Amino acid sequence: QVQLVESGGGLVQAGGSLTLSCAASGLPFSGYAMAWFRQVPGKEREFVAVIWSEGFTHSGASVEGRLTISRDNAKNTVNLQMNSLKPEDTAVYYCASRRQRGSRGSYYLAFQYDYWGQGTQVTVSS
């Protein structure tokens with residue numbers, strides 16, 4: 001049974017920082033890419049960042065330069081450090097995972113991911 005559990009969400013003022021964590025279990029962690037998506041009610045799920053086991057990363061245009069995604073393959077965890085937060089960053093943030101085999105060109109597409117966490121709320125006040 002695969003389980004992804006997010007933590008670290010909360011309320012932060014604009015310009016502040018926040019670090020989210022995701023603990024994965026039930027899958028061969030090193031063989032899966034780990035990603036973060038976010039979603040606002042009524043809107044499409046948006047890609048935030050992804051990291052492969054080798055350490056390569058990509059991030060969405062809306063957050064480029066304001067975040068650092070990292071992973072610890074020994075502990076089966078992935079973190080997302082966000083800086084210079086804006087009210088527009090307010091959303092539910094989801095941890096997701098997909099097998100690394102195959103093309104990596106579609107990393108930004110939510111349907112490419114096999115497993116999802118329950119999400120953690122991030123609220124940025126102005």
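As the structure is a prediction and not an experimental result, all values here were calculated from the model. Scope of the values below: all heavy atoms of this structure, side chains included, with no hydrogens, waters or symmetry mates.
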Q.
Can you confirm whether E54 is buried at CD, in the sense that more than 12 heavy atoms of other residues, nucleotides or ligands lie under 6.0 Å from that atom?
A. yes
Q) How long is the span from the OG atom in S97 to the CD atom in Q112, to the nearest 0.5 Å? A) 12.5 Å
(Q) Measuring from atom CH2 of W52 to atom NE2 of H58, what distance do you get when rounded to the nearest 0.5 angstrom? (A) 4.0 Å
Q.
With clusters defined by side-chain heavy atoms of hydrophobic residues (ILVMFWY) lying less than 4.5 Å apart, directly or transitively, does F37 cluster with L80?
A. no
Q. Got a second to check how far F56's CZ is from Q100's CD, nearest 0.5 Å?
A. 10.5 Å
Q) Linking I/L/V/M/F/W/Y whenever their side-chain heavy atoms sit closer than 4.5 Å, directly or via other members, would Y115 and V48 fall into one cluster? A) yes
Q) Is the Lys NZ or Arg CZ of R45 less than 6.0 Å from the centre of Y113's six-membered ring, within 45° of the axis? A) no
Q.
Just so I know, are the side chains of V12 and M82 near enough to count as touching, which here means a heavy-atom distance under 4.5 Å?
A. no
**Q.** Other residues, nucleotides, ligands: >12 heavy atoms within 6.0 Å of Q121 CD
**A.** yes
Q) How many angstroms lie between OG1 in T68 and CG in N79, if you round to the nearest 0.5 Å? A) 10.5 Å
Q) If you take all heavy atoms of P28 and Y32, which pair is closest and at what distance? A) O-CD1, 3.2 Å
Q: For the pair S125 and L11, evaluate side-chain contact (heavy atoms from CB on, under 4.5 Å) and give the outcome as yes or no after the intermediate values.
A: CA-CA 7 Å; S125 62; L11 176 65; 4.2 Å; yes
Q.
Give me the atom names and distance for the closest heavy-atom approach of S106 to R98.
A. OG-NH1, 3.8 Å
Q. Which heavy-atom pair separates C95 from V78 by the least distance, and what is that distance?
A. SG-CG1, 4.0 Å
**Q.** Exercise: identify the closest heavy-atom pair between W36 and C22
**A.** CZ2-CB, 3.7 Å
Q. When clusters are formed by joining ILVMFWY residues with side-chain heavy atoms under 4.5 Å apart, either directly or through shared neighbours, do F47 and V63 land in the same one?
A. no
Q. So, for R71 and I51, which heavy atoms are closest and what is the spacing to 0.1 Å?
A. NH1-O, 3.1 Å
Q. What is the distance from atom OG of S53 to atom CZ of F29, rounded to the nearest 0.5 Å?
A. 9.0 Å
Q) Would a distance-only check, ignoring hydrogens and angles, find a side-chain to backbone donor-acceptor pair under 3.5 Å from T90 to V124? A) yes
Q. Side chains of M34 and I69: closer than 4.5 Å at any heavy-atom pair?
A. no
**Q.** Residue pair S126 / A14: nearest heavy atoms and the distance that separates them
**A.** CA-CB, 4.3 Å
Q. Between W116 and Y94, what is the ring plane arrangement, given parallel below 30°, perpendicular above 60°, and tilted in between?
A. perpendicular
Q: Please check if the side chain of E6 supplies one atom and the backbone of Q118 the other of a donor-acceptor pair under 3.5 Å.
A: yes
Q. Are F111 and L4 co-members of a hydrophobic cluster defined by side-chain heavy atoms under 4.5 Å apart?
A. no
Q: State the CG-CG distance between L67 and N83, to the nearest 0.5 angstrom.
A: 8.0 Å
(Q) If you define the side chain from C-beta out and look only at heavy atoms, does anything of V122 sit under 4.5 Å from D89? (A) no
